[in-house]
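Here the structure is laid out as structure tokens; the discussion comes afterwards.
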Amino acid sequence: MLVGYMRVSTEGDRQVLDLQRDALLAAGVDERHLYEDHASGSRGDRAGLTKALAFLRSGDCLVVWKLDRLGRSLPHLLATVNELKKRGIAFRSLTEQMDTTTPQGEFLFHVFGALAQFERSLTQERVLAGLAAALRRGRRGGRPAAIDAEKLTAIVAALDGGTTKATVCRTFGIKRSTLIDSLARIGWSAGLKVRGDIGDTTTATNRTTARRAVRPAHGST
């Protein structure tokens, strides 16, 4: 059975929807087996697509007018078609003449898969190169600190003075998880004061370990 899927971004794209409908009907899709969405391709929660995928059974074929009608991105498209293949369902795109039931269509699908993998590799390479360049200039990647240095200094002073973490969270308007993460980042623990710059990457725990390493053993002269 052929099952058709159509998508337009807005209600105003009626002409485009009619174009897709005519193409799918001409390809042999029954009017009763057409599903449609009026939604951006970037959305993952498309009701029409969900219904179409649920209706399909092993031996059926999902047909679209163009590849971009189905996938919101190349990785999403490949993941969707791979999931269909696992269920024994074929896929056909009329414009690109991709048909996974033919050797040529299967080959084209694998080419798209290789291109997607190549794109991911390039993206990863650019990210790593950017982080390395930033590190050479003294900048660190990752998310910015949830608590700025000035506020964190005041928080540490309050905790060192005996204020509880619960009170600190209420006073400074921060979540307990944020407080715990920020304290771990600077190596603060109860009863152990952090000296020096709050942003110092040398933790208090490391400094304590170093002091223990040079402390004479018990009973030594």
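Any value given below was found using the heavy atoms of this structure, including those in side chains, with hydrogens, waters and symmetry copies removed.
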**Message:** Are the side chains of M98 and F91 in contact, using a 4.5 Å heavy-atom criterion?
**Reply:** yes

**Asked** Can you check whether R7 reaches L49 side chain to side chain, under 4.5 Å on heavy atoms?
**Response** no

**Complete:** Here the pair of heavy atoms bringing I147 nearest to S182 is CD1-OG, 3.5 Å

**Asked** So, for Y5 and G48, which heavy atoms are closest and what is the spacing to 0.1 Å?
**Response** CE1-C, 3.9 Å

**Message:** Please find the pair of heavy atoms, one from M1 and one from F55, that lie closest to each other, and give the distance.
**Reply:** SD-CE2, 3.5 Å

**Request:** Give the minimum heavy-atom separation between L94 and R92, together with the two atoms involved.
**Result:** CD2-CD, 3.9 Å

**Request:** Mind checking side chain to side chain donor-acceptor pair (under 3.5 Å) for S58 and listing every partner two or more places apart, or none if nothing turns up?
**Result:** none

**Request:** Mind checking the CG-CG spacing from L34 to L24? Nearest 0.5 Å is all I need.
**Result:** 6.0 Å

**Item:** Validation row: Q20, V8 side chains within 4.5 angstrom (heavy atoms)
**Value:** yes

**Prompt:** Are any side-chain N or O atoms of T100 and backbone N or O atoms of A90, one a donor and one an acceptor, separated by less than 3.5 Å?
**Reply:** no

**Asked** Given the rule in the side-chain contact (heavy atoms from CB on, under 4.5 Å) test, do L77 and L70 qualify, once you have shown the distances and angles that lead to the verdict?
**Response** CA-CA 7 Å; L77 173 67; L70 176 64; 3.7 Å; yes

**Asked** Quick one: does L53's side chain get under 4.5 Å of L62's, heavy atoms only?
**Response** yes

**Asked** In Å, rounded to the nearest 0.5 Å, how long is the span from CG of D22 to CG of L17?
**Response** 9.5 Å

**Message:** Tell me the closest heavy-atom pair linking K165 and I180, and the distance in Å.
**Reply:** NZ-CD1, 3.7 Å

**Complete:** Taken to the nearest 0.5 Å, the spacing of W188 CH2 from D160 CG works out to 6.5 Å

Using residues 168-176 as the side-chain source, report each donor-acceptor pair under 3.5 Å to any protein atom, sequence neighbours left out, with the distance given to one decimal.
residue	atom	partner	partner atom	Å
R170	NH2	T167	OG1	3.3
T171	OG1	T167	O	2.8

**Message:** Any non-hydrogen side-chain atom of L183 less than 4.5 Å from a side-chain atom of L159?
**Reply:** yes

**Message:** Is any side-chain heavy atom of Y35 closer than 4.5 Å to one of T50?
**Reply:** no

**Asked** Do L2 and H33 come close enough that some side-chain heavy atom pair is under 4.5 Å?
**Response** no

**Request:** Evaluate the side-chain proximity of R21 to E36: yes if any heavy-atom separation is below 4.5 Å, no if none is.
**Result:** yes

**Request:** Return the minimal non-hydrogen interatomic distance between L56 and R87, and the atom names on each side.
**Result:** O-NH2, 2.8 Å

**Asked** With sequence neighbours left out, which residue pairs that include part of residues 48-66 fulfil the salt bridge (charged side-chain N to carboxylate O under 4.0 Å, His left out) condition?
**Response** none

